[in-house]
There are 2 protein chains.
Amino acid sequence: MHPNKVPCYAFNARHASRHLTQFYDHTLAPSGVRVTQLILLNVLKLKGPLAINALAKSLEMDRTTLGRNLQPLERDGLLEMVRSQEDKRRKDVRLTPVGEQKLEHAMTLWHEAQLRFEEHFGVERAQRLLEELRAAAAAVEL
Amino acid sequence: MHPNKVPCYAFNARHASRHLTQFYDHTLAPSGVRVTQLILLNVLKLKGPLAINALAKSLEMDRTTLGRNLQPLERDGLLEMVRSQEDKRRKDVRLTPVGEQKLEHAMTLWHEAQLRFEEHFGVERAQRLLEELRAAAAAVEL
DNA sequence: TGACAATAGGTGTATATGCACAGAATATGC
DNA sequence: GCATATTCTGTGCATATACACCTATTGTCA
């Protein structure tokens, strides 16, 4: 029962997710940032300070998962979390200068990973896969 | 930065994996078994008692991850792990009758999930996605 | 304004993931 | 047969994931 034989959509999505994550994490290793963390840092860089809930909705991630994913990044000084003044429930997350530096390094390695994947898998094929992954996730939100 | 805008292959694989897993886990909930666990139980049913390493290779999973995934199933009596007599390093994992019962129930629900996904996503499209997921995982093993 | 709903976030618990390191048993080669 | 390499598994650690339940704050509306 090679995974090539397991017809479960969820299992194969998990399987691909594991292997792609390992590939990216190994490539990103010199930066000390993982691919999940890179995404968070990058969104924060592009969309400025964001509340945890807003960030979670933006990435379609579970709120509590995101909150815990932010902890090591805050601990290592890559980002800051401060209570909002207008709304004291909110905790706005923003990138620190250290975080920006790390992100810059990580992004270079990330581009390498993207290119290497496209090289092995095919550029157009990879683009289509991206669309299908998004559509598959959307298909189960009903 | 909706995930529909993040062009990272790893992130989108993770994203789809999370959402598909949630969909399957919710469907399987009445059986008390998760989709990751169902796969393990099913392989053990089909391929008989297997050592942990053999099972891990079969599913292309990390050995230590698999070992830990087996623990709750052993704890709950769905499977047994016994030291092999020919090779005392080995620990053979096999389904118990209780495990088979649970598996049977879970498989019914799993089929429902498979059908519902295919209904929403398209049967042929889903088949193609499966192939592409397998190919993508294979593409990064170089 | 005061009751109640809705929103933002935190915590406890459980599973999932994988790396580095370690120990025990077996296989190999001389 | 013995030294060595290989194989099989376990453990410590850290991150990732998400559900249930909780508190605090803000919004709504009669």
Side-chain angles (χ1 to χ4, degrees), chain A residues 10-11 13-26 28-29 32-40 49-76 78 81-93 137, chain B residues 10-11 13-26 28-29 32-41 50-76 78 81-93 137:
Chain A
F11 173 76
R14 294 183 72 87
H15 178 251
S17 158
R18 283 197 304 269
H19 288 253
L20 277 172
T21 298
Q22 260 179 306
F23 174 69
Y24 276 72
D25 279 355
H26 288 161
L28 295 183
V33 169
R34 302 185 176 203
V35 65
T36 51
Q37 302 177 327
L38 176 140
I39 299 297
L40 302 186
L50 269 177
I52 294 181
N53 262 3
L55 191 52
K57 284 191 181 100
S58 176
L59 294 169
E60 289 180 3
M61 285 182 66
D62 182 86
R63 174 185 68 77
T64 66
T65 299
L66 175 62
R68 291 200 154 111
N69 289 356
L70 293 174
Q71 288 176 359
L73 296 171
E74 186 187 24
R75 181 200 58 205
D76 298 343
L78 305 193
M81 289 159 68
V82 291
R83 288 271 164 203
S84 166
Q85 290 312 310
E86 317 108 61
D87 187 340
K88 288 175 202 147
R89 294 170 298 182
R90 234 163 54 209
K91 219 166 158 183
D92 287 323
V93 190
Chain B
F11 173 76
R14 293 183 71 88
H15 178 251
S17 159
R18 284 196 304 268
H19 287 254
L20 278 172
T21 298
Q22 260 179 301
F23 174 69
Y24 276 72
D25 280 355
H26 288 161
L28 296 183
V33 170
R34 302 186 177 203
V35 66
T36 50
Q37 303 177 325
L38 177 140
I39 299 297
L40 302 186
L41 297 175
L50 269 178
I52 295 182
N53 260 6
L55 191 53
K57 282 190 183 100
S58 175
L59 294 169
E60 290 180 0
M61 284 181 66
D62 182 87
R63 175 185 67 77
T64 66
T65 298
L66 175 62
R68 292 201 153 109
N69 289 356
L70 294 174
Q71 288 177 358
L73 297 171
E74 186 187 25
R75 182 199 59 204
D76 297 345
L78 305 193
M81 289 160 67
V82 291
R83 288 272 163 203
S84 166
Q85 291 310 312
E86 317 109 61
D87 187 339
K88 287 174 203 145
R89 293 170 299 183
R90 234 163 53 208
K91 219 166 159 183
D92 287 323
V93 190

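Just so you know, these numbers come straight off a predicted model, no measurement behind them. We use all heavy atoms of the structure for the numbers below, so side chains are in, but hydrogens, waters and symmetry mates are not. Just so it is clear: chains get the letters A, B, ... in the order the sequence lines come, proteins before strands, and each one is counted from 1.
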### Query
Could one point to a donor on the side chain of A/R68 or the base of C/dG9 with an acceptor on the other under 3.5 Å away?
no
### Message
As a test of reading the structure: which of C/dC19, C/dT26, C/dA8 is closest to the side chain of A/N53, going by heavy atoms?
### Response
C/dA8
### Presence of B/N69 side-chain N/O under 4.0 Å of C/dT17 phosphate oxygens OP1/OP2
yes
### Query
Of the nucleotides C/dG10, C/dG18, C/dA16, which has the atom closest to the B/P72 side chain?
C/dA16
#### Entry: Atom-pair distance (CD on A/E74; P on C/dG9), nearest Å
13 Å
### Message
So A/H26, base contact, sugar-phosphate only, or nothing? Heavy-atom distance under 4.0 Å.
### Response
sugar-phosphate
### Query
Quick one: which of C/dC19, D/dC8, C/dG10 gets closest to the side chain of B/D87?
D/dC8
### Query
D/dG10, C/dA16, D/dA16: which one has an atom nearest the side-chain heavy atoms of A/R14?
C/dA16
### Query
Mind checking whether A/M61 and A/N69 have side chains closer than 4.5 Å, heavy atoms only?
yes
### Query
Under 4.0 Å: is that the gap between some side-chain N or O of A/K57 and OP1 or OP2 of C/dA8?
yes
### Task
Could you walk me through whether B/R14 and A/I39 pass side chain to side chain contact (heavy atoms under 4.5 Å, CB included), step by step?
CA-CA 11 Å; B/R14 293 183 71 88; A/I39 299 297; over 6 Å; no
## Note on the structure
Side-chain contact check for B/Q22: nearest option of D/dA18, C/dT7, D/dG10 is D/dA18
#### Entry: A/E86 or B/L50, whichever maps to the more 5' nucleotide of DNA chain D
B/L50
### Whole-Å distance separating the CZ atom of B/R83 from the C1' atom of C/dG23
11 Å
### Message
Counting distance alone, no hydrogens or angles: does the base of C/dG9 have a donor or acceptor under 3.5 Å from a partner atom on the side chain of A/R63?
### Response
yes
### Query
When you check the phosphate oxygens OP1 and OP2 of C/dG18, does a side-chain N or O of B/T65 lie under 4.0 Å from one of them?
yes
### Query
How close or far is atom C1' of D/dA18 from atom OH of B/Y24, stated in whole angstroms?
19 Å
### Task
Between A/H19 and B/D76, name the one whose nearest nucleotide on DNA chain C is closer to the 5' end.
B/D76
### Message
Measuring from the side chain of A/K88 (C-beta onward, heavy atoms only), which nucleotide among C/dA8, D/dT26, D/dT6 has the closest atom?
### Response
D/dT26
## Note on the structure
In whole angstroms, the gap separating C1' of D/dA16 from CZ of A/R34 amounts to 8 Å
### Message
In this structure, how many angstroms lie between the P atom of C/dT15 and the CD atom of B/Q71, rounded?
### Response
9 Å
### Query
NA contact type, A/Q37, heavy-atom cut-off 4.0 Å: base, sugar-phosphate, or nothing?
sugar-phosphate
### Query
Tell me: CG of B/L38 to P of C/dT15, nearest whole Å?
16 Å
### Task
Starting from P on D/dC13, measure out to CG on B/D62 and report it in whole angstrom.
18 Å
### Summary
When rounded to whole Å, the CZ to P distance for the pair B/R75 and C/dA14 reads 8 Å
### Task
Evaluate the side chain to side chain contact (heavy atoms under 4.5 Å, CB included) criterion for residues B/R18 and A/D62: first the C-alpha distance (whole Å), next the side-chain angles of each, then the deciding distance (0.1 Å), finally the verdict.
CA-CA 9 Å; B/R18 284 196 304 268; A/D62 182 86; over 6 Å; no
### Query
So which heavy atom on A/L70 is nearest to which on A/L40, and how close?
CD2-CD1, 4.0 Å
### Query
Looking only at heavy atoms, which two atoms of B/V33 and B/L78 are closest? And how far apart?
CG2-CD1, 4.3 Å
### Task
Verify, without hydrogens or angle tests, whether A/R90 (side chain) and A/R83 (backbone) share a donor-acceptor contact under 3.5 angstrom.
no
### Query
Are A/T36 and D/dA16 close enough that a side-chain N or O sits under 4.0 Å from OP1 or OP2?
yes
### Query
So, is B/R89 near the phosphate of C/dT26, with a side-chain N or O under 4.0 Å from OP1 or OP2?
no
